[in-house]
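Each remark here refers to the structure printed beneath this line.
Letters A, B, ... mirror the listed sequences (proteins, then strands); counts begin at 1. What you see is a predicted model, and the numbers here were worked out from it, not measured in a lab.
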Number of protein chains: 6
Amino acid sequence: MIPNATLSAEEAPFYAPAVNEIALFENAYRNQLPVLLKGPTGCGKTRFVAHMAARLGRPLYTVACHDDLTAADLTGRYLLKGGETVWVDGPLTRAIREGAILYLDEVVEARKDVTVVLHPVTDDRRTLPIERTGELLTAPMEFMLVVSYNPGYQNVLKSLKPSTRQRFIAMEFGYPDPETEAAIVSAESGLPKDRCVPLVRVANALRDLKGQDLEEGASTRLIVYAATLIQSGLRPAEALEAALLQPLSDDPDIQSALARVAELALG
Amino acid sequence: MIPNATLSAEEAPFYAPAVNEIALFENAYRNQLPVLLKGPTGCGKTRFVAHMAARLGRPLYTVACHDDLTAADLTGRYLLKGGETVWVDGPLTRAIREGAILYLDEVVEARKDVTVVLHPVTDDRRTLPIERTGELLTAPMEFMLVVSYNPGYQNVLKSLKPSTRQRFIAMEFGYPDPETEAAIVSAESGLPKDRCVPLVRVANALRDLKGQDLEEGASTRLIVYAATLIQSGLRPAEALEAALLQPLSDDPDIQSALARVAELALG
Amino acid sequence: MIPNATLSAEEAPFYAPAVNEIALFENAYRNQLPVLLKGPTGCGKTRFVAHMAARLGRPLYTVACHDDLTAADLTGRYLLKGGETVWVDGPLTRAIREGAILYLDEVVEARKDVTVVLHPVTDDRRTLPIERTGELLTAPMEFMLVVSYNPGYQNVLKSLKPSTRQRFIAMEFGYPDPETEAAIVSAESGLPKDRCVPLVRVANALRDLKGQDLEEGASTRLIVYAATLIQSGLRPAEALEAALLQPLSDDPDIQSALARVAELALG
Amino acid sequence: MIPNATLSAEEAPFYAPAVNEIALFENAYRNQLPVLLKGPTGCGKTRFVAHMAARLGRPLYTVACHDDLTAADLTGRYLLKGGETVWVDGPLTRAIREGAILYLDEVVEARKDVTVVLHPVTDDRRTLPIERTGELLTAPMEFMLVVSYNPGYQNVLKSLKPSTRQRFIAMEFGYPDPETEAAIVSAESGLPKDRCVPLVRVANALRDLKGQDLEEGASTRLIVYAATLIQSGLRPAEALEAALLQPLSDDPDIQSALARVAELALG
Amino acid sequence: MIPNATLSAEEAPFYAPAVNEIALFENAYRNQLPVLLKGPTGCGKTRFVAHMAARLGRPLYTVACHDDLTAADLTGRYLLKGGETVWVDGPLTRAIREGAILYLDEVVEARKDVTVVLHPVTDDRRTLPIERTGELLTAPMEFMLVVSYNPGYQNVLKSLKPSTRQRFIAMEFGYPDPETEAAIVSAESGLPKDRCVPLVRVANALRDLKGQDLEEGASTRLIVYAATLIQSGLRPAEALEAALLQPLSDDPDIQSALARVAELALG
Amino acid sequence: MIPNATLSAEEAPFYAPAVNEIALFENAYRNQLPVLLKGPTGCGKTRFVAHMAARLGRPLYTVACHDDLTAADLTGRYLLKGGETVWVDGPLTRAIREGAILYLDEVVEARKDVTVVLHPVTDDRRTLPIERTGELLTAPMEFMLVVSYNPGYQNVLKSLKPSTRQRFIAMEFGYPDPETEAAIVSAESGLPKDRCVPLVRVANALRDLKGQDLEEGASTRLIVYAATLIQSGLRPAEALEAALLQPLSDDPDIQSALARVAELALG
């Protein structure tokens, strides 16, 4: 297990703060409080964590959660090496040993045995008992746990139990305001900002359809894709089709509605 | 497997008794009766057990139960070492050998094979047959089994069978009274007690919404989080938002209701 | 695998017979008929079997059945030892080899593959084919199979198939009559019998609520717990609360109903 | 894997033929046709197969089918021995190699992968391809496959697919006529036949309740149990209660109905 | 893995063609098109494939599909031999290496991972990537894939996805016409053809009940069984009962209906 | 793991572009954007990817997704070799190391743990953390991820989560126009183009029935099959029956409807 990255503050990925999230995160880090990030897909949660890890000078371990992730995938397991079983740390164990930040993306996708393993490190004990090796790790001050999920399509079967949720302070993320978003898209794609503005306008028009025709609004990432394709020589209509309309729906009726909405937004 | 801690009575974590729970627990310990703790999340059950273990001078083993916990996770299993299979005790076996307290947190989350393995150690036999090694352990006087769960969100599928429940004496836990809770919050966060009082008032106002808008009321832990953030320099409104409102719900309507309730409680 | 105990007749645990169960059990043993015990939790089935095993001078193997018990847990399995796979008998195999009594507690909890493995030893063949080793064991006269379950909360999904049930003679157990039960409670707890009588009266009043408010009535074990706590210095009201009311229900309404019933019964 | 028994014709267990089942079975054996036996629990199907195996001078392998039986349990598997994986035949493979009779009891309980493995040996190919070893066994003339099940409690989920069923000739078994059954009960229990006659009368009265109050009628085996208990000194009422009434139902209302029916039948 | 058989054209099992199936199959073989056979149980699909394999001079591998068949059962797996893991080809891999015909019987019973593994060998790539060994096999001209299923009792849960179905040319099989079927039955059983004619008449009368009282009509195989029993000395009524009526249903009402229909058909 | 093929641009399989898909794909490749292909079965998605891989001079790894595909099947696993566990790359890892194109066919069939493993390689990180080996691979410019699925029979249970979908630019495929399709069919089958035209007409008539009687329209592949059979000597009616009608439905009513539609289309 190696961290995703250990960057200095100068190397921190660009992040444009929306409100007080940087101060809040630093405050939580100083007080050793676990943090829960909520927000729609592609709005910048992952980048925010990468930014904060670099800013705080901590290594970052990221785990994308899913149904089949087991507690052992986090804590570690025995592997056979040369006829011997050798213990190999998982990312949680490694992050505790190194005083790193562990980021569990889409934590509600994980099974209960995974979330329960987080309990002793997220209360005043700050310990991780590893039953299979008999170790009891105590987390250093520098260890921090961050989890995220998207409340937008969280279903009844998959949610955090109150006994897990109430171990985190929480912050909510949304899409950046249009001005900021156009700047981000321009920076990422190389397309001049004034040509990014109408793309952001289209995305925001499509986001208004969420809950009616669309399961989820267009992410900043998709706008960056569209801008990249345009900057790379594709006609704007082709780029919008490939990067904003086709990825959002398979239904022909919805697609032509999206196309009409996009056309109106472009003016 | 190592105990969570073996503390002397002087090192016992702070615990403010509500009623007769300390006498009752000591009585059960002296008479070798297993104990069941019931109560909402974050109300101090885990800390109570840690306190009692230190007070009674017994090592403490804690297991957070979940769907995938197996009987072998409690009793032990064979591992391959140097080509040989070596038996490694689980926490139940270890606690019996050492005369420790075994604490099974959220026991209803465990599968039936886990609860059934507890039967012979919780009746007058006080024995643990380990089928895989052929051992029959007899628990010493000092061994004690404690289990807990939260009746608030116990569902139909997950409950203790009468044949398991009726092996325990039971005690019910609630939130501390406001005065005591403010003292606890102040002690944990370092925020002066008079500044903790309104936070406790907010939490109690939010707890009244349980069952209507909220699955579970705000835990003492969340109030401590809020106080910690304030003590660390955050504005009270930001701290309440991050530590009490955001962790309780994702629904925008419920969140603004919570905010209104909090405002009224602050006066 | 070792027996739970091999006691001489003098060491037999105390058992107060209700009707003809001792004669019936001895008769079944002499005729090599398997026995099925039916009755509510904590009414003394397990103790009866321990008593009879000592009385008949046979070792006793007890297995608490559950969903995850496999046929191999009963018959045995291969384990890796020093690079070789070594066969290790399960309790059924061991009991047959030694002419012991095998007691399967709550047999309906076991899966079908477990009950089916009992078929050849419970008909006139009295044999156990162990497919994995190629052995065909013939049970000696002294081997006896006893199973139990609680018809009170047996559900539709879990029941014995007629082809399994009709391999056993069956006896039904209930709670002891009040006089006997008070004597048992006094003997177990050390509390004078006249102080046990009202506790038994409370338990019987609570048992009448079974099927209405309670899933299962109060077991003799819980009365013993209450008497033990009183004998150990707790006030009777506290002991009743902890040992009889709290273990029976989590519902506040039902708990106050139980409290009222208990009060009336105490007079 | 060893056969249940290889008996000479003189050692054949006693079997009182009802109609043409012996001729039909011998005919099927001579023509290498697989046989399916249908009938209620405890009516003598297993004994009939044992009788025929002895009569035909073939070894007999019996497998009680269940949900967790795998195809490998029938065909064989690799086991680790001294660091090498060694192939160990299952009962189907062994029976084919030896020209034995393989009897699969309650075949509908088995999963589809088990029944499908029977297909190539039950059509004109009479071969068993063992994929894991690369062998293609051809069954000798003496190999015969017999399966049984109880149509009485066969459910919708568990039934033989037509493509499996239509590989067998089938015969239906019922309870013996009263005269024969009393003779069998007397022979098995040692109780004089005239004292067995009323027991058989009771059993037949109870069998008439099948489908109304009872899932399944009383088997011949249960009558033998009752007679054995009486012969062994128990009072007839006690014996009937333990061997015929208690095993058939747990419902108090049904039990008193059964008792009344039994009383009337005894006259 | 060894083929079921490698027969010369002279050794081909007898097969009476109904329409153009032989030409169609040969055409598909020459053009390397996979073939799907549809038809009721016991109508001769398996024999047809055996006939064609012999006629085309190709080895034949047959796999009876079921729920628990895995992709590895078709492609191969690693086995431990002498401390080394050795790769062992499955029937699909073997058939490709040898240019054989692979026949998957009742392919809809297999899981999706099994059918998906067939995709690359059934389009113009004609390749089999074996991920575990890193091999990419290219099928020779002589390799052919044949699958079959019975649309009669195919359910909603189990069907071929269009992306799998549309990889095969398909042919439908039915029962032979009465004249041909009587000839087949006579050839297989040794019973003179004129005595087989009424048996075929009975079978056809029973087949008309399919969908009303019967899940599936009587197969040719069952008629052969009946004829075999008669030829072997059993009375026709007994043979019909054992080979045609009992195998088709367990319901007493349906059985007497079947008996009446059979009687009428016999005239 | 070896690529399906590494072809030079001259060896690229024939592909007739419909609209701007080649430019769009090249643009995505240059900008390192993952691509999602949508369209019905057999319309040429797989061939398009093969064509583009050759055109771009990249090796191609194809994985047919299914329910039982695990994340380890993509990333790699430890295998036992000579007593040592040796890491073996999966196709995703291999493709990243070699700068190849990885094509996941029918990606919605895969489980969530498979799609989630794609997340870090499909955002700006372009990294693959392999938890079991502790490696963090960074994808070279030449690595490209392409996935496909058929929205036509995508069900509610199986769909891509927005957080996965919004990582791809998307393009929709349909059947070629009649002129082009006849040319393709002629090129593939060798049948003169004018004889392919009516076959394409039949296919298009059948495609119009999709959603009413048919789950999916006739693929180009099936038309090629029909043309191949005709070219190989079969009568057109027989070829249509075997290659276009029988593969599309098992329902006799639907089949005769299809036959009528085909007849009309042939004129």
Side-chain angles (χ1 to χ4, degrees), chain E residues 19-21 23-28 30-38 70-72 78 80 82-85 87 111-120 122-125 127 129-136 149-152 154 159-172, chain F residues 1-5 13 40-42 46-47 50 61-69 73 77 79-83 88-91 94 105-106 109 150 152-153 188 214-219 221-222 224-226 228-229 231-235 238-239 241-243 245-248 250-251 255:
Chain E
V19 283
N20 68 335
E21 67 265 35
L24 189 51
F25 194 100
E26 287 179 340
N27 200 321
R30 277 202 310 278
N31 289 294
Q32 306 180 54
L33 305 182
V35 167
L36 164 66
L37 310 178
K38 307 191 280 188
T70 64
Y78 283 103
L80 263 180
E84 284 285 313
T85 47
W87 175 262
R111 296 183 307 179
K112 294 287 162 62
D113 69 323
V114 169
T115 51
V116 146
V117 96
L118 302 172
H119 284 195
T122 48
D123 57 27
D124 56 332
R125 289 174 285 175
T127 55
I130 308 182
E131 280 161 36
R132 311 228 165 170
T133 63
E135 275 185 284
L136 182 76
Y149 73 94
N150 179 351
Q154 193 195 167
S159 63
L160 288 177
K161 295 191 303 175
S163 66
T164 301
R165 270 186 87 118
Q166 298 205 8
R167 289 163 186 279
F168 296 87
I169 66 161
M171 20 183 140
E172 192 159 31
Chain F
M1 193 64 221
I2 56 162
N4 296 74
T41 193
T46 297
R47 175 168 289 218
Y61 289 89
T62 298
V63 176
C65 297
H66 54 78
D67 262 4
D68 298 296
L69 191 82
D73 286 329
R77 55 167 52 83
L79 287 178
L80 263 179
K81 289 214 174 139
V88 178
D89 280 348
R94 184 59 66 96
D105 196 12
E106 306 215 26
E109 299 293 329
N150 178 352
Y153 56 91
E188 299 276 324
L214 292 180
E215 193 185 353
E216 179 80 1
S219 63
R221 179 182 294 132
L222 287 185
V224 173
Y225 281 8
T228 303
L229 292 175
Q231 172 68 3
S232 184
L234 225 61
R235 285 187 300 110
E238 289 177 322
E241 173 78 16
L245 306 188
Q246 286 290 350
L248 289 182
D250 299 327
D251 187 303
Q255 286 211 347

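Of the possible donor and acceptor atoms, one in the side chain of Gln166(E) sits under 3.5 Å from a partner among the backbone N and O of Ser219(F). Not a single donor-acceptor pair under 3.5 Å links the side chain of Tyr225(F) to the backbone N or O of Ala239(F). Glu216(F) contributes a side-chain N or O that, together with a main-chain N or O of Thr41(F), makes up a donor-acceptor pair within less than 3.5 Å.
When each of Glu238(F), Glu241(F), Gln231(F) is scored by its heavy-atom pairs under 4.5 Å with chain E, the top score falls to Glu238(F). Between chain F and the residues His119(E), Glu172(E), Met171(E), Lys38(E), the largest count of heavy-atom pairs under 4.5 Å involves Lys38(E). Interface summary for chain F: among Thr115(E), Val35(E), Asn27(E), the most heavy-atom pairs under 4.5 angstrom belong to Asn27(E).
Distance check, rounded to the nearest 0.5 Å: CG of Asp250(F) to CD of Gln255(F) gives 7.0 Å. To the nearest 0.5 Å, atoms CG (Asp123(E)) and CZ (Arg167(E)) are separated by 5.0 Å. Distance CZ/Arg165(E) to CG/Leu222(F): 10.0 Å, rounded to 0.5 Å.
With a 4.5 angstrom heavy-atom cutoff, Leu33(E) touches chain F only via side-chain atoms. Ala226(F) does not touch chain E: none of its heavy atoms, backbone or side chain, sits under 4.5 Å away. Asp105(F) does not touch chain E: none of its heavy atoms, backbone or side chain, sits under 4.5 Å away. Contacts of Leu248(F) with chain E are made by both backbone and side-chain atoms, with heavy-atom separations under 4.5 Å.
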